[in-house]
There are 2 protein chains.
Amino acid sequence: MKEYIAILKNTKLFAGVGENEIEAMLSCLGATSETYQKGEYVFRAGEHINQLTVLVEGELHIQRDDYWGNRCIVSRIAVGEMFGEAYASPDSGALLNDVVAVRSSVVMFFDIHRILSVCPSACRFHSLAVKNIFYAISEKNRKLVAKLGHISQRTTREKLLSYLSDEAKKQNSSIFQIPFNRQQLADFLSVDRSAMSNELCKMRDEGLIEFEKNMFKLFSHCD
Amino acid sequence: MKEYIAILKNTKLFAGVGENEIEAMLSCLGATSETYQKGEYVFRAGEHINQLTVLVEGELHIQRDDYWGNRCIVSRIAVGEMFGEAYASPDSGALLNDVVAVRSSVVMFFDIHRILSVCPSACRFHSLAVKNIFYAISEKNRKLVAKLGHISQRTTREKLLSYLSDEAKKQNSSIFQIPFNRQQLADFLSVDRSAMSNELCKMRDEGLIEFEKNMFKLFSHCD
DNA sequence: CCTCTTTTGTTGCAAAAACAACAGACTTGT
DNA sequence: ACAAGTCTGTTGTTTTTGCAACAAAAGAGG
């Protein structure tokens, strides 16, 4: 587990905590770790969890398949990100989505109650950790709202433009990579892949965008 | 401001805190209050805020109008609920949505930094408040994910069924009221009102549901 | 009680999306 | 290098949506 301390140091959860201090916290917080192969489930919709979870290697998707097999990718978890924290509250119900490894991944689990319940003065980092968790979940909240902004657009084109311009803004460049292939992007925006592919090509023909694989370029006259 | 202490007592933020203790906390947390008439904006998209906010009277909508005038109601704030807490982090950007009074409302503002930054031992309720905020934001997170589940359905009918069955489950009855009129429901599900109205009536004709104004009844053969 | 406004349901039409099926390009593993 | 599998774009058909316009019903206010 110690091999991941360098990674944990750069996570939102441990922001402001030194490496040697993290090592001390690991046992204090009851940390464990687990490895998942591509396609394996970390959690499944319907489960009840009471752990705080951090991805230290690989990539995860928070997603859900409905009766008809339509997949919806709610969000993507990159190395250093937390997940499941919204279900750490005592009265949170069952998990609404699956958590799946997109590729070989390593996950660390922390006992949320130890973080929240232990007297804050017992370990000087408890209060820092709580604040960090608050910031992290706030950020996730804003991400969800942003995504809601994308998929509440009426047409596929509007959804794409909303997502792509947001991504360009985040990466601070009109040329940028997206972390999805076409099927995943369609699942993320909850539209049909072929219709989306069609729309992308139309937009390219109209000179709005250019793309090659996961690399996109936006032209300024996109409104 | 003291007239709202009885209400604050039942909010998520002050869960577990007695009335007399709340009064002491109000000044400790730098609380202020403000009244808004129907249609007035509490916050506007683009603003930067650093306050925690609680609705103590009335009703608010978190919403956004796009270039074409399509409105999207992201969520609804009822008395006792917090809002804006996701933008209390130091590096949170501008507000993505407007916050509007649906009817005459009273809002209380708390300085988030006083809650998070003050030494937890200074006031025995700081750590409780932090935990409460964490739980509240977690719940909002789950709400957002649930809403995402509704609007990521492909057809209007699926969106309606997803929303209505969720509402029935929450209210624990197949007969229930929804907190929206038709236009608001359409804005919430981001679909066209007339198309939605059409679909509702078709579903009624098919014996899936019954409704009158805001009262809905779901029949069990809804899958 | 009447008028004005808001809300809800209804219809027809044009635009868009979902779906299915397929072909070519690209990967991967052997 | 070859075969199997995956990813992406393309096309045609069917279904659904968005939009506009209107009518009936319900509410608000004088």
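Note that the coordinates shown come from a computational prediction; the quantities given were computed from them, not determined experimentally. Protein chains get the first letters and strands the later ones, always in sequence-line order, with residue 1 at the start of each.
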> For Arg71(B) and dG18(D), give me the distance from atom CZ to atom P, rounded to whole Å.
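Going from CZ in Arg71(B) over to P in dG18(D) covers 17 Å.
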> In whole angstrom, what separates Glu158(B)'s CD from dT15(D)'s P?
15 Å
> dG27(D), OP1 or OP2 - any side-chain N/O from Lys213(B) closer than 4.0 Å?
yes
> Please tell me which of the listed nucleotides, dT10(C), dA17(C), dC7(D), lies nearest to the side chain of Cys201(B)?
dT10(C)
> Can you sort out the partners of Arg142(B) under side chain to side chain donor-acceptor pair (under 3.5 Å), two or more places apart, ordered by chain and number?
none
> Output the single nucleotide from dT7(C), dT17(D), dG9(D) whose closest atom is nearest the side chain of Phe211(A).
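Minimum distance to the Phe211(A) side chain belongs to dG9(D).
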> Does Asp192(B) reach a base, just sugar-phosphate, or nothing at all? Heavy atoms under 4.0 Å.
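Base, at least one base heavy atom under 4.0 Å.
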> Nearest to the Ala195(B) side chain among dT10(D), dG18(D), dT8(C), which nucleotide is it?
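For the Ala195(B) side chain, the nearest candidate turns out to be dG18(D).
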> Rounded to whole Å, please give me the gap between CD in Gln184(A) and C1' in dT8(D).
13 Å
> Taking atom types as they are modelled, is there a donor-acceptor pair under 3.5 Å from the base of dG9(C) to the side chain of Arg193(B)?
yes
> Atom NZ of Lys159(B) and atom P of dA18(C): how far apart are they, to the nearest Å?
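In whole Å, dA18(C) P and Lys159(B) NZ are 9 Å from each other.
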> So, does Arg182(A) get its side chain near the phosphate of dG9(D), meaning an N or O under 4.0 Å from OP1 or OP2?
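Indeed, a polar side-chain atom of Arg182(A) lies that close.
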> Grab the CG-P distance between Asn70(A) and dA18(C) for me, whole Å please.
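It works out to 9 Å between those atoms.
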> Asn198(B) has an atom CG; how far is it from atom P of dC22(D), in whole Å?
18 Å
> Nearest to the side chain of Ser194(B), heavy atoms from C-beta on, is which of dT17(D), dA18(C), dT11(C)?
dT11(C)
> Has Ser197(A) got a side-chain N or O lying under 4.0 Å from the OP1 or OP2 atom of dT8(D)?
no
> Quick test of your reading of the model: are Glu85(B) and Lys140(B) salt-bridged, counting only N-O distances below 4.0 Å?
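Result for this pair is yes, salt bridge flagged.
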> Could you tell me how far apart Leu189(B) (CG) and dT17(D) (P) are, to the nearest whole angstrom?
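Answer to the nearest Å: 12 Å.
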> Counting only side-chain nitrogens and oxygens, does Thr155(A) get under 4.0 Å of the OP1 or OP2 atom of dA16(C)?
no
> Could you state the interatomic distance from CG (Asn132(B)) to OG1 (Thr11(B)), rounded to the nearest 0.5 Å?
8.0 Å
> Can you classify the ring geometry of Phe176(A) versus Phe216(A) as parallel (below 30°), tilted (30 to 60°) or perpendicular (above 60°)?
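Parallel, since the angle between the ring planes stays under 30°.
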> So which one's nearest nucleotide on DNA chain C is more toward 5', Arg204(B) or Met196(A)?
Arg204(B)
> How do Arg154(A) and Gln183(B) order along DNA chain C: which one's closest nucleotide is nearer the 5' end?
Gln183(B)
> dT28(C) P sits how many Å from Asn181(A) CG, rounded?
13 Å
> With no hydrogens and no angle check, do the side chains of Ser89(B) and Asp91(B) hold a donor and an acceptor under 3.5 Å apart?
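There is no such pair (donor and acceptor under 3.5 Å, judged by atom type) between the side chains of Ser89(B) and Asp91(B).
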